[in-house]
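Here is the structure we will look at.
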Amino acid sequence: MKILVINCGSSSLKFQLIDSVTEEALGKGLCERIGIDGSVINFTPAGKDKIVKEIPMPDHNKAIELVIEALTDPATGVVKALSEIDAVGHRIVHGGESFTKSVRIDDEVIRAIEEVSDLAPLHNPANLIGVRACQKAMPGVPMVAVFDTAFHQTMPEEAYLYGLPYSFYEKYKVRRYGFHGTSHAYVSKRAAEIIGKPYESLKTIVCHLGNGASISAVKNGKCIDTSMGLTPLEGLIMGTRSGDIDPAVIEYLNGRDGRDLKDIMNALNKQSGVFGLSGNLSSDFRDLEAGYNKGDAGATRAIMGFAYRVTKYIGSYAAAMDGVDCICFTAGVGENSPLVRSLVLKRLGFLGIRLDEAANDVHGKERTISTPDSAVRVMVVPTNEELAIARDTAALCA
Ligand code: AMP
């Protein structure tokens with residue numbers, strides 16, 4: 001089957017066409033600045049050069065029209081006709097407690113996604129705009145919703161409840177949900193395949209370290225804890241997000257230098273993390289590593305703080321699972337930064353972890369980076385959220 005995978009934001013739309021049999025991406029691209037002046041679509045057919053076109057996209061319907069045009073273009077497209085696309089898989093950020101796995105989209109599913117939109121007001125409405133635009137452009141083509149939160153729905157109550165009045169959970173559904181679930185599921189399953197043991201027999205910690213970053217503890221094939229919470233702001237120090245802080249910081253800052261709640265939340269989401277810690281040097285680890293290697297104090301502070309937080313979470317998840325068989329690094333930083341991996345792992349000698357420095361120095365490829373005598377297998381497993389979405393979509397539409 002040919003599956004179109006859509007990841008729709010408020011002003012952007014990422015797409016990829018995947019052959020579910022060969023699991024190869026036939027083409028991929030991105031629409032940017034939808035509804036804003038200067039809209040651009042780029043499309044890269046597999047094995048060919050990227051095509052970039054500046055075309056007005058007043059709304060997502062126009063963006064989808066252009067995506068279809070790009071995919072079916074007689075010269076540079078990857079299918080002859082729209083009818084070759086068998087199904088569409090949509091990334092949906094928040095499924096609340098309603099969705100524990102991927103589902104075929106119908107009116108009821110759309111209503112249920114709308115119902116939990118309060119929990120992700122920036123993301124879910126944008127995701128649904130993408131669903132509706134595809135339904136309009138491809139009537140009759142089956143569509144599937146794949147949720148960032150679904151994999152984490154197996155967490156036990158002790159992990160997902162905050163130490164708050166229980167009524168806050170009952171009335172408002174305030175609890176840990178977790179995100180990046182598609183990636184955590186894909187990577188933990190792939191790790192079991194590489195190790196050659198049943199998924200249901202392993203204790204795995206997945207470190208998804210990208211611009212957004214989260215860690216999960218996967219025990220016997222089920223997520224039992226994860227670092228992001230009600231929103232993707234909790235947990236690790238991220239590119240520009242603070243991760244864990246004392247919630248009283250918000251009250252303490254309120255009114256200082258004229259800041260209100262909106263300003264503070266904006267600072268926690270967009271001006272914090274390694275960007276803020278580095279003294280606004282950069283949120284990109286390539287820049288920070290360059291600074292670290294030159295002895296820059298801000299870059300060093302940011303990288304050390306980031307790595308320390310990752311180490312702390314790994315330690316706590318090893319305790320939560322009563323041991324750990326395998327630790328996986330994935331996403332932009334996890335796959336490409338030997339420095340961050342080594343700073344994290346050096347502190348975990350007490351778990352019997354031994355790093356193979358030479359294997360750690362290789363970039364971006366699936367591999368084991370611990371020595372054969374390490375008590376815990378440590379791996380780099382590149383994530384592929386689009387493929388995971390395509391697999392779920394194919395399974396539900398076959
Ligand atoms: P992601 O959100 O998974 O796309 O990850 C994006 C982040 O990965 C970037 O902001 C960089 O900080 C980081 N990254 C990408 N390539 C490298 C690299 N070669 N070395 C270090 N960090 C990298």
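Atoms within each ligand, like the ligands themselves, are counted from 1 in listed order.
Ligand 1 places these atoms under 4.0 Å from at least one heavy atom of Val333: 8 (O), 12 (O), 13 (C).
For atom 20 (N) of ligand 1, the closest non-hydrogen atom of the protein is Asn336 O, 3.4 Å. Closest to atom 5 (O) of ligand 1 among all protein heavy atoms lies Gly332 CA, 3.3 Å. Among protein heavy atoms, atom 15 (C) of ligand 1 sits closest to Arg286 CZ, 3.6 Å. Residue, atom and distance of the protein heavy atom nearest to atom 22 (N) of ligand 1 are Phe285 CB, 3.5 Å.
For atom 10 (O) of ligand 1, the nearest protein heavy atom lies closer than 4.0 Å.
Checked against a 3.5 angstrom limit, the closest N/O atoms of Gly210 and ligand 1 fall outside it. Checked by distance only, ligand 1 and Ala331 stay at 3.5 Å or farther apart across all their nitrogen or oxygen atoms. The shortest N or O to N or O distance between Asn211 and ligand 1 is under 3.5 Å.
Contact check for Val174 versus Leu164: side-chain heavy atoms found under the 4.5 Å cut-off.
The pair Glu386-Arg91 does not count as a salt bridge, with every side-chain nitrogen at least 4.0 angstrom from each carboxylate oxygen. Salt bridge status for Arg176 with Asp225: present, with a side-chain N to carboxylate O gap under 4.0 Å. Using a 4.0 Å cut-off between charged side-chain N and carboxylate O, Glu193 and Arg190 make a salt bridge. Here Arg175 does not pair with Glu157 in a salt bridge; the nearest charged N to carboxylate O distance is not below 4.0 Å.
The side-chain tip of Lys189 does not point at the ring of Tyr186 from less than 6.0 angstrom away and within 45° of straight on. For the pair Arg256 and Tyr252, the cation-pi test (distance below 6.0 Å, angle within 45°) is passed.
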